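First comes the structure, then the notes that go with it.
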Amino acid sequence: MSLQERYLALKEEVATAARASGRRAEKIHVVLVSKYGTPEQIRELIELGHRHFGEGRTQQLEQRSAMIREWLVRRQESGVSDVAIDPDAIRWHMVGHLQRNKVKKTVEYSRLIHGVDSLRLAEEVQLVAAKQDRPVELLLQVNTSGEKQKHGVAPPAVRHLVDQIDTMVNVSVRGLMCMAENTQDQSKLRGAFERCYELFEEIQRLGGGGEDFDILSMGMSNDFKAAIECGSNCIRVGSAVFQDAGRASEEDAASK
Ligand SMILES: *Cc1c(COP(=O)(O)O)cnc(C)c1O
């Protein structure tokens, strides 16, 4: 399958899963995680109409968002294409775990930070955001799979952390993010997703995070259907779309 075919197949599967949970496909944000992809692939997806992209590392986020912006500006200036695409329309997501020493660049280059999991990190984000005098939106990463090696706030601590971040001037919590265990065991997968959904709903119901608390980021290439069926409204998909190029070159690198 070509990149375009994989992309269209993904959109179709998202629509089917959305319908199965009584929602419309437009209600599900699809963040294409381009870490396995090439710049050409990102450009092609933009031309196909996609706008939300994610990276797992700050350096890559910085390089790629800058490169894509430059490409769009040049494209606009040269007038070669009939449809101008506003460089500001491309939204970059930081999906990886946020590192303290990378907060400044991450805030600068991303629209939404998915992987915040401590008060200390949120405070650092607030500090940087205040200095740059801008609002920053983030998601709290929750460890609902219970695996020790995973990042994420323990579920019982999430509500309190949302309340604490609510008092910060520049930072707002837009919702929660979780990663399920890498397993084919559907009951384990769904268990983790359902716990995160319940937490998300409870915080919404109690008014935590305010009106903007509305994003539940869960689901990757192997488990996005289950995630959507469990209430996710934001999936982060990489290999299912970017596949071959990245995988192949990673394997090359590994075998050298
Ligand atoms: C890489 C990554 C993804 C995408 O993973 P795929 O399995 O390639 O779809 C999603 N979320 C996070 C946090 C990631 O690091």
Side-chain angles (χ1 to χ4, degrees), residues 10 13-14 16-25 27-31 33 52 54 56 93-98 112-122 125 137-166 171-240:
L10 170 72
E13 286 179 282
V14 169
T16 307
R19 274 196 300 275
S21 63
R23 288 176 297 164
R24 295 207 317 271
K27 297 288 179 196
I28 316 286
H29 300 282
V30 177
V31 176
V33 181
H52 289 263
H93 297 243
M94 173 61 180
V95 300
H97 183 254
L98 181 62
L112 184 65
I113 305 173
H114 291 233
V116 174
D117 65 354
S118 71
L119 180 61
R120 238 179 118 207
L121 261 178
V125 173
E137 302 189 329
L138 53 83
L139 304 179
L140 285 183
Q141 183 169 354
V142 185
N143 184 346
T144 48
S145 69
E147 296 165 280
K148 286 218 174 60
Q149 73 277 18
K150 280 250 165 80
H151 291 290
V153 189
V158 173
R159 265 182 58 196
H160 183 53
L161 189 51
V162 170
D163 289 342
Q164 285 175 308
I165 299 176
D166 254 354
V171 177
S172 60
V173 193
R174 287 295 306 269
L176 305 181
M177 178 269 213
C178 80
M179 286 170 89
E181 203 173 328
N182 186 4
T183 171
Q184 292 302 314
D185 182 340
Q186 290 296 311
S187 68
K188 259 193 188 164
L189 273 183
R190 282 170 190 267
F193 290 147
E194 279 161 7
R195 264 198 299 285
C196 202
Y197 176 73
E198 280 162 18
L199 206 53
F200 174 73
E201 251 226 311
E202 180 186 300
I203 294 170
Q204 269 193 331
R205 202 172 53 239
L206 299 172
E211 279 178 14
D212 288 339
F213 189 91
D214 59 0
I215 300 176
L216 180 56
S217 167
M218 49 188 203
M220 313 186 358
S221 292
N222 290 327
D223 56 20
F224 70 86
K225 278 178 259 179
I228 291 172
E229 285 167 20
C230 294
S232 166
N233 61 16
C234 179
I235 60 173
R236 311 174 309 270
V237 174
S239 43

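Keep in mind that what you see is a predicted model, and the values were worked out from it rather than measured.
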### Query
Checking side chain to side chain contact (heavy atoms under 4.5 Å, CB included) for the pair Ile215/Leu112: CA distance, chi angles, key distance, verdict?
CA-CA 10 Å; Ile215 300 176; Leu112 184 65; 4.0 Å; yes

### Query
Sequence neighbours excluded, which residues qualify as salt bridge (Lys or Arg N to Asp or Glu O under 4.0 Å) partners of Lys188?
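By the salt bridge (Lys or Arg N to Asp or Glu O under 4.0 Å) rule, Lys188 matches Glu181.
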
### Task
Identify, with sequence neighbours excluded, every residue that meets salt bridge (Lys or Arg N to Asp or Glu O under 4.0 Å) alongside Arg159.
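For Arg159 the salt bridge (Lys or Arg N to Asp or Glu O under 4.0 Å) partners, ignoring immediate neighbours, are Glu202.
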
Answer yes or no: is there a side-chain heavy-atom contact under 4.5 Å between [X] and [Y]?
{"X": "Asn233", "Y": "Arg23", "value": "yes"}
{"X": "Phe224", "Y": "Glu13", "value": "yes"}
{"X": "Val33", "Y": "His93", "value": "no"}
{"X": "Lys225", "Y": "Thr16", "value": "no"}
{"X": "Val162", "Y": "Val158", "value": "yes"}
{"X": "Lys150", "Y": "Met179", "value": "yes"}
{"X": "Met220", "Y": "Ile235", "value": "no"}
{"X": "Leu121", "Y": "Leu138", "value": "no"}

### Query
side chain to side chain contact (heavy atoms under 4.5 Å, CB included) between His114 and Cys234: does it pass, once the steps are laid out?
CA-CA 11 Å; His114 291 233; Cys234 179; 4.0 Å; yes

### Query
Does the Glu229 side chain pair with the main chain of Ala17, one donor and one acceptor, at a distance under 3.5 Å?
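Between the backbone of Ala17 and the side chain of Glu229 there is no qualifying donor-acceptor contact (under 3.5 Å).
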
### Test item: Ser217 side-chain N/O and Met177 main-chain N/O as donor-acceptor pair under 3.5 Å
no

### Query
Run the side chain to side chain contact (heavy atoms under 4.5 Å, CB included) check on Leu176 and Tyr197 step by step: do they pass?
CA-CA 9 Å; Leu176 305 181; Tyr197 176 73; over 6 Å; no

### Task
Please round to the nearest 0.5 Å and tell me the distance separating atom CG of Asp166 and atom CG of Leu161.
10.0 Å

### Message
Distance check, rounded to the nearest 0.5 Å: Ile165 atom CD1 versus His160 atom NE2?
### Response
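One finds 10.5 Å between CD1 of Ile165 and NE2 of His160.
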
### Task
Would you sort out whether Ser118 and Arg120 count as a side-chain hydrogen bond (donor to acceptor under 3.5 Å, both in side chains), showing the intermediate values?
CA-CA 5 Å; Ser118 71; Arg120 238 179 118 207; over 6 Å; no

